[in-house]
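Structure first, commentary second.
Note that ligands are numbered from 1 as they come in the structure, with each ligand's atoms numbered from 1 the same way. Nothing here was measured: the structure is a model prediction, and the numbers come from that model.
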Amino acid sequence: MAHGEDHVLRVLKIARFIAAKEGADIEVVSKAALLHDSFRNGEKHALKAAEFARKLLSEEGYGEEFIEAVVHAIEAHSFSGRIEPRTLEAKVLSDADKLDAIGAIGVARAFMVAGERGRGIEETVKHFEEKLLKLKDLLYTETARKLAERRHEFLIAFYRKIKEELDFEDLK
Ligand code: NI
C-alpha cells in the first residue's frame with residue numbers, strides 16, 4: 001500500500017512541520033493531511049476525498065470556514081489535478097505529499113505502486129522521468145524546497161545508477 005495509512009501519517013508529520021515553519025494554520029493542515037487520500041482508487045481521487053471531507057466535517061459540527069479551508073487543501077493537493085492551491089494551507093499539504101514521493105521513501109513507494117499495478121522496472125524508471133524527478137520544482141514553500149534538496153539528490157543518484165545497470169554500462 002503506497003498510499004496507505006503509513007503514507008498518510010508521514011504526510012501529516014511533514015505537513016505539520018512545514019506549517020509550523022511557514023506560519024500556516026496547523027488544525028486545517030492536520031485535518032487535510034489526515035483526509036487527503038481517503039479515496040485512492042480511480043480518477044479524481046482528490047475531488048472525491050474533498051467531498052468526503054466536507055460531509056464528514058459538517059456532520060462533526062465544524063464551522064463553514066474551517067471546512068472550506070480543509071476541502072480546498074484536499075482538492076488542490078494532487079499532482080494530476082487541475083486545481084492550483086490558493087491558500088498557504090493548501091500549498092503546505094501539496095508540498096508534504098510531494099516530499100513523501102521523493103527521496104528513499106519515494107523510491108520505495110514507486111516500486112510498491114509498480115508491484116500493485118504489475119509494472120516492471122523499466123516502466124517505473126520512466127515514471128521517475130515523467131513525475132518524480134519533476135516534483136522538487138513543483139514545491140511552493142521555502143521550507144519544503146529545503147527539505148527536498150537531499151531527497152532529490154538521492155533520487156537522482158538512484159535513477160542514474162539503475163539506468164546504468166539497465167543499460168549494462170558496467171559490462172562495457
Ligand atoms: Ni498522498
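Screening residues 70-84 for salt bridge (charged side-chain N to carboxylate O under 4.0 Å, His left out) gives no qualifying pairs among residues at least two apart or on separate chains.
By the 4.0 Å N-to-carboxylate-O rule, Lys48 lies too far from Glu51 to be salt-bridged with it.
Ring geometry, Phe39 versus Phe52: the interplanar angle exceeds 60°, so the pair is classed perpendicular (tilted spans 30 to 60°). Using cut-offs of 30° and 60° on the angle between ring planes, the pair His45 and His77 is perpendicular.
Hydrophobic clustering, defined by side-chain heavy atoms of Ile, Leu, Val, Met, Phe, Trp and Tyr closer than 4.5 Å, leaves Ile105 isolated from every other such residue. Residues near Tyr140 contribute nothing to a hydrophobic cluster around it, because no ILVMFWY side-chain heavy atom sits closer than 4.5 Å to its side chain.
Less than 2.8 Å away from the Ni ion (ligand 1), the protein contributes these N/O/S atoms: His7 NE2, His36 NE2, Asp37 OD2, Asp97 OD1.
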